[in-house]
Amino acid sequence: MFQTERQIIETKIKTFCAANGIPLAALEWKPIPFSGEWGFSTSFFGTAAAEARLGKKVVVAQRAQEIAEQVKNQVSDVPGIRRVEAVKGYLNLYFDTQEYTRRVVDTVLEKKNRFGSGPATGQRVMIEFSQPNTHKAFHVGHLRGTILGDAICRILEFAGNEVVRANYPGDMGLHVIKWLWGYLKFHDGEEPATDIAKWMGEVYAEAAHRIEENPDLEAELRALYARWDQRDPEIVALWERTREWSLEGFRQMYAALDVRFDVYYFNSQEEKPGKEVVEELVRRGIATDERAQGGAVIVKIDEVLGLTKEQFRTAVVLRSDGTALYSTEDLALALHKFRDYPDLAKSVYVVDVRQSLHFTQVFKILEIAGHAQAQKCSHVSYELVTLPGNVVVSSREGTVVLLEDLLREATTRARAEAHKKNPSLTEAQLESVAKAVGLGALKYPILARENTKMVTFDWQTALDFNGQAAPYIQYAHVRCNSILRKAGGLPDVGPDVGCSTFDYELNPAEIQLIDMISRFPGEVQRAAAEYKPLAIASIAYDIAKAFAGFYDACPVVQAEPQVRAARLRLVAATMQTLANSLALLGITAPEVM
RNA sequence: GCCCCUGUAGCUCAACGGACAGAGCACCUGCCUUCUAAGCAGUAGGUUGUGGGUUCGAAUCCCGCCAGGGGCGCCA
């Protein structure tokens, strides 16, 4: 946001160093740790160290400070920079806060819901995420991939990319066969009632249990799989009907979570193309068909690549009975995506960490087969959600917290809390607040965490509406709105409408707030580059916290007319930035709560 | 046996190789005639698992070790 000044100063520093034979290291700019003022800084340790390496006898820290002091004199009269200081080897440049505050606030109010967005990159990116299995329960374990993938899509789009949101439900596989078997055997003819997904999950869990108790039944399963593979009309019809029940359940779930998709792929559709890919791999000698010896079709990747140390290992790409595996289908799907969208710059898979080897194998095999698209494929992995005591969420073990239950509980709790805090809310307001707060409380802790870190789900944390959580940020947004409402909206500032004027000594809390708002666009870029919603979750909280400090320290509505006008614009800018950041997380910013 | 991830305050987590390692929760002390207290201010809490190395500078990069989790030819 302050590129111009930065450029001028960099040029001056470079000129000075060149003229004095100082081997300037690359300049990196960072915000100054907050001390009531606002600015940016760079250090000269690298430069001093470079001198030392060249044989000059210096104590690095001391020399860095010397250089900083010399440079300081060169840049003391840059317009817009109020003060320059050299401290501990750092050169600190403090903004003319009035000028910059005006600039930041005006930018936000001008760009509105586009504030923080990046310029169009011209790149189309596909993000595949969620991948629920039909015929199974949708539980907290699935929540993370769905929420994370959705946030990544929102962030990449905002950062300037064209995003294709892809879902890839697992609608065929051993689990589905198991379900169909259980249904035919114990629930034939039954129809799902209200909680479809829940009922589907129960049927599956029962089938899984029966088979575990009596392994002899597995023969029946294999027979059923064979009937499917030969497309026995009766089985296909049953599969189509019951699959639709699940998909309907998913649609309801996604609507409740405020998540949408542009395209659906189904692994059942990739079975045949996948087998064709495998056949070709065998023909070309990349895959080895061991079926004659009772084995499967495999790709000895390390051997094919001539590696002596095991790295990519061996991948099974087709079962010995000729039925398709996920790897079979993923080979075809990867190519399928590029046929549908030939201009994809990236094809990203948001899938949990356990599939890491699987995806490196799939992408490597495609690369070996000469498909250049493979290099555009990447796996963004995330850790699992576990239950307290490190219990893995499993529909088979019955250790599940169903998403329906979670959503219902969160909403109910949020509703009760909202009613308690603000009894004046109407029924309709309560309704929307409950949804926004309940959902936000659910999403935020998942997103405000490194993807590589495990999330332990427990009800207490999930439903804690205090502290560093979505409701805190939403509340800041509500308070902004409340101030603007009380003040009757933004004031007309005369002929210079659209220009904020901060002609008074700014309170440190105001400067802190402005500082945080100005960092938002940079965080968007970082979050997009690293597929890291955490960066947005953090800055959103930082802005909310800064606002809470401002709210406490700086009266707005009752302030002097000039101060009031300026602060109202700052409040409006804060509200906008909070809304933008929450939107990137898929969290609603309510007007009241 | 090989590979990946994690280890930071009592707990849950931040920290882009840079200044004094920061938040929340829990605990304790204050603050609602004043823009919504889902809030604010303050106290306390640390040998960043461990031993080396690189660097002017390491929680961060490299190597070893310890501990926990995950993955390794027919689950998805």
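A note on names: the letters A, B, ... follow the listed sequences, proteins ahead of strands, and every chain is numbered from 1. All figures in this text were calculated on a predicted structure; none of them were measured in a lab.
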Expressed in whole Å, how much space separates the [atom1] atoms belonging to [N] and [M]?
N: B:rA38; M: B:rU43; atom1: C1'; value: 24 Å
N: B:rG46; M: B:rA15; atom1: C1'; value: 14 Å
N: B:rU12; M: B:rC56; atom1: C1'; value: 36 Å
N: B:rA14; M: B:rU6; atom1: P; value: 10 Å
N: B:rC4; M: B:rU47; atom1: P; value: 30 Å
N: B:rC62; M: B:rA23; atom1: C1'; value: 31 Å
N: B:rU60; M: B:rG45; atom1: P; value: 25 Å

Classify [X] by what it touches in the nucleic acid, base, sugar-phosphate, or nothing, heavy-atom distance under 4.0 Å.
X: A:Lys420; result: nothing
X: A:Met593; result: base
X: A:Asn92; result: base
X: A:Leu318; result: nothing
X: A:Val478; result: base

To the nearest Å, give me how far apart [atom1] ([X]) and [atom2] ([N]) are.
X: A:Asp542; N: B:rC13; atom1: CG; atom2: P; result: 19 Å
X: A:Asp302; N: B:rC2; atom1: CG; atom2: P; result: 15 Å
X: A:Glu450; N: B:rA59; atom1: CD; atom2: P; result: 18 Å
X: A:Asp352; N: B:rC4; atom1: CG; atom2: C1'; result: 13 Å

Would you mind telling me which of [options] lies closest to the side-chain atoms of [X]?
X: A:Ser538; options: B:rA14, B:rA19, B:rG70; answer: B:rA14
X: A:Gln558; options: B:rG71, B:rU34, B:rU12; answer: B:rU34
X: A:Ile32; options: B:rG71, B:rC13, B:rA19; answer: B:rA19
X: A:Val556; options: B:rA15, B:rC35, B:rA38; answer: B:rC35
X: A:Pro471; options: B:rA15, B:rA19, B:rA38; answer: B:rA38
X: A:Glu310; options: B:rC40, B:rC2, B:rG73; answer: B:rC2
X: A:Glu523; options: B:rC16, B:rU8, B:rG73; answer: B:rC16
X: A:Phe465; options: B:rC35, B:rA38, B:rG73; answer: B:rA38
X: A:Tyr472; options: B:rC74, B:rU6, B:rC40; answer: B:rC40
X: A:Val433; options: B:rG39, B:rC16, B:rA38; answer: B:rA38

Tell whether [X] reaches the base of [N] with its side chain through a donor-acceptor pair below 3.5 angstrom.
X: A:Ser320; N: B:rC74; result: yes
X: A:Arg313; N: B:rC72; result: yes
X: A:Ser41; N: B:rA19; result: yes

Is any side-chain nitrogen or oxygen of [X] closer than 4.0 Å to OP1 or OP2 of [N]?
X: A:Lys453; N: B:rU6; answer: no
X: A:Arg564; N: B:rC35; answer: no
X: A:Ser356; N: B:rG71; answer: no
X: A:Lys532; N: B:rA15; answer: yes
X: A:Arg354; N: B:rG70; answer: no

**OP:** Please list all pairs passing the side chain to side chain donor-acceptor pair (under 3.5 Å) test where one or both residues lie in residues 552-565 of chain A, with sequence neighbours left out.
**Re:** none
Tabulate below the donor-acceptor pairs under 3.5 Å that side-chain atoms of residues 52-60 of chain A make, not counting sequence neighbours, or state none.
none

Taking distance alone, no hydrogens or angles, what donor-acceptor pairs closer than 3.5 Å link side-chain atoms of residues 521-538 of chain A to residues at least two apart or in another chain?
unit_1, atom_1, unit_2, atom_2, d
A:Glu523, OE1, A:Arg526, NH1, 3.2
A:Ser538, OG, A:Leu534, O, 3.1

Under 3.5 Å, side-chain donor or acceptor atoms of residues 296-304 of chain A against the rest of the protein: list the pairs with distances, not counting sequence neighbours.
unit_1, atom_1, unit_2, atom_2, d
A:Asp302, OD1, A:Gln311, N, 3.4
A:Asp302, OD1, A:Phe312, N, 2.8
A:Asp302, OD2, A:Gln311, N, 2.8
A:Asp302, OD2, A:Phe312, N, 3.4
A:Asp302, OD2, A:Arg313, N, 2.9

Mind checking what makes ring-ring contact (aromatic ring centres under 6.0 Å, His included) contact with [X], not counting sequence neighbours?
X: A:Tyr168; result: none
X: A:Tyr265; result: A:His336
X: A:Phe45; result: A:Tyr90
X: A:Phe359; result: A:Tyr349, A:Phe363, A:His379

**OP:** Could you tell me how the ring of A:His142 sits relative to the ring of A:His139: parallel (under 30°), tilted (30 to 60°) or perpendicular (over 60°)?
**Re:** tilted
**OP:** Indicate the ring-plane relationship of A:Trp29 and A:Phe40, choosing parallel, tilted or perpendicular according to the 30° and 60° boundaries.
**Re:** perpendicular
Under 3.5 Å, which donor-acceptor pairs link side chains of residues 411-422 of chain A to any protein atom two or more places apart or in another chain?
unit_1, atom_1, unit_2, atom_2, d
A:Thr411, OG1, A:Leu407, O, 2.6
A:Thr412, OG1, A:Arg408, O, 2.6
A:Arg413, NH2, A:Leu463, O, 3.2
A:Arg415, NH1, A:Glu431, OE1, 2.8
A:Arg415, NH2, A:Glu427, OE2, 2.2
A:Asn422, OD1, A:Ser424, N, 3.3
A:Asn422, OD1, A:Ser424, OG, 2.7
A:Asn422, ND2, A:Met593, O, 3.1

Original post:
For nucleotides 20-30 of chain B, read 5' to 3', which letter fits each nucleotide if B means a protein heavy atom sits under 4.0 Å from the base, S means only the sugar-phosphate is that close, and - means neither?
Top reply: S--SSS-----
Original post:
Is A:Glu510 paired with A:Arg567 through a side-chain N to carboxylate O contact shorter than 4.0 Å?
Top reply: yes
**OP:** Compute whether any side-chain donor of one residue and acceptor of the other, for A:Glu271 and A:Trp228, lie under 3.5 angstrom apart.
**Re:** yes
**OP:** Dot-bracket notation for RNA chain B is requested: 5' to 3', Watson-Crick or G-U wobble pairs only, both distances under 3.5 Å, with ( ), [ ], | and . as defined.
**Re:** (((((((..((((....[...))))..((((.......))))......(((((..]....))))))))))))....
Original post:
Is the base of B:rG39 syn or anti, where syn means the angle lies within 90° of 0?
Top reply: anti
**OP:** Name every residue in residues 47-71 of chain A that has at least one heavy atom under 4.0 Å from any atom of RNA chain B, in order of residue number, or write none if there are no such residues.
**Re:** A:Ala49, A:Arg53, A:Val60
Original post:
So, does A:Ser581 use its side chain to make a donor-acceptor pair with the main chain of A:Leu578 at under 3.5 Å?
Top reply: yes
